[in-house]
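None of these values were measured; they are calculated from a predicted model. Every number for a ligand or one of its atoms is a count from 1 in the order of the listing.
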Amino acid sequence: MRKKILQIIDENRDNIEALRDHLFAAFNKTENKNYDSKNASPEEEEEITRWIVSNEIHFIGFDNTEDVRRVFVNETSKVSFLTQSHCNICQDKLPISNFPVRITPKTRQTKTKLKNEFIKQFLNSPFGKELNFSKKDKLCVKLVFVFNRIRDKDLDNMAKLTLDALKELIQIDDKNIDHLELIKFKARYLESFIYIRISKSDVNTANNVILKGKHMTWAGLTKLDE
Ligand SMILES: [Zn+2]
């Protein structure tokens, strides 16, 4: 069955409706059900998700080659992909931490009282307390803001407030973040929350530049701040 499901995904990844129809048909046939792909309840869709996962299919969006369209079993697996995929810039070194904070994203423009409340709640995040980064570590931080039916917000404003809270949670300095990646994901099914990935960044510590020369021509640009 695993092979069959993977084949359905592979052959229909460019047409998500057809992909759903084929998956429903395969599920109905195997499990002797009669679920309608155009009109399935969330519980029925959950059941099909469990069926897919029970066939040891977990990470389908992760192992893509560049020319095929990524598909995900559900929003949870899409958010996992967004948060857990490795950084292409930093050479990720352990420790790597991935954890959700179950809190609705707010921005630095939020009223002070709510902002303080946000930081207070953020500090109760159970995973954050177990992190093992020292004050000297240079960090690569990825923040994924998951939205569901809340007013749209600017990424930079959400990032600032979240980083202020994160700084208090894990006792690090903003200045030690050498690489920051921000993603906004508008969910239809998941609740609003923030997912955080932290690893060490070697952007400034790698010692991987070979020669001293600076071969930058600027193509006639004048320096603006002199
Ligand atoms: Zn990075």
Side-chain angles (χ1 to χ4, degrees), residues 58-108 118-119 122-123 125-147 152-187 190 192-216:
H58 303 277
F59 301 115
I60 59 170
F62 282 77
D63 49 1
N64 264 60
T65 49
E66 264 174 34
D67 51 340
V68 292
R69 186 170 181 243
R70 261 183 228 291
V71 293
F72 301 97
V73 173
N74 58 16
E75 288 185 343
T76 307
S77 67
K78 183 163 178 177
V79 169
S80 301
F81 168 74
L82 295 176
T83 52
Q84 290 174 35
S85 42
H86 283 263
C87 176
N88 285 326
I89 308 281
C90 307
Q91 273 177 341
D92 294 16
K93 291 207 194 78
L94 293 171
I96 295 173
S97 285
N98 269 294
F99 62 99
V101 180
R102 201 171 172 190
I103 191 171
T104 305
K106 296 220 162 29
T107 73
R108 65 166 175 208
F118 176 87
I119 291 175
F122 204 98
L123 294 180
S125 163
F127 296 104
K129 296 190 179 81
E130 295 160 16
L131 298 193
N132 238 334
F133 293 101
S134 86
K135 284 200 162 97
K136 274 189 270 172
D137 290 334
K138 301 296 178 189
L139 302 178
C140 171
V141 175
K142 174 149 70 176
L143 305 176
V144 180
F145 299 96
V146 179
F147 273 46
D152 208 350
K153 297 174 175 64
D154 287 358
L155 266 177
D156 56 343
N157 285 332
M158 288 187 292
K160 192 74 189 86
L161 187 57
T162 303
L163 289 173
D164 284 346
L166 188 64
K167 197 165 64 178
E168 284 202 33
L169 180 69
I170 67 174
Q171 302 292 313
I172 52 140
D173 195 319
D174 268 355
K175 292 184 185 65
N176 284 357
I177 299 174
D178 285 350
H179 186 205
L180 176 62
E181 187 177 348
L182 306 175
I183 299 172
K184 188 198 293 183
F185 174 59
K186 293 182 178 175
L190 291 174
S192 301
F193 70 103
I194 302 170
Y195 210 113
I196 296 169
R197 180 185 195 276
I198 309 174
S199 60
K200 289 195 198 178
S201 170
D202 68 348
V203 167
N204 290 300
T205 56
N207 191 20
N208 53 3
V209 175
I210 302 169
L211 296 178
K212 289 176 182 166
K214 41 173 183 175
H215 196 77
M216 185 101 183

* Electrostatic pair Asp174-Lys160, nearest N-O below 4.0 angstrom -> yes
* To do: State whether the number of non-hydrogen atoms from other residues, nucleotides or ligands found under 6.0 Å of Lys78 atom NZ is greater than 12.
  => no
* Residue pair Phe133 / Asn176, side-chain heavy-atom distance below 4.5 Å -> no
* Near the Zn ion (ligand 1), which protein N/O/S atoms are found at less than 2.8 Å? -> Cys87 SG, Cys90 SG, Cys140 SG, His179 ND1
* Closest approach of Asp178 and Ser201, non-hydrogen atoms and distance? -> CB-OG, 4.0 Å
* Please examine the side chains of Phe145 and Lys153, heavy atoms only from C-beta on, and report whether any two atoms are closer than 4.5 Å. => no
* Whether over 12 other heavy atoms sit under 6.0 Å from Asn88 CG -> no
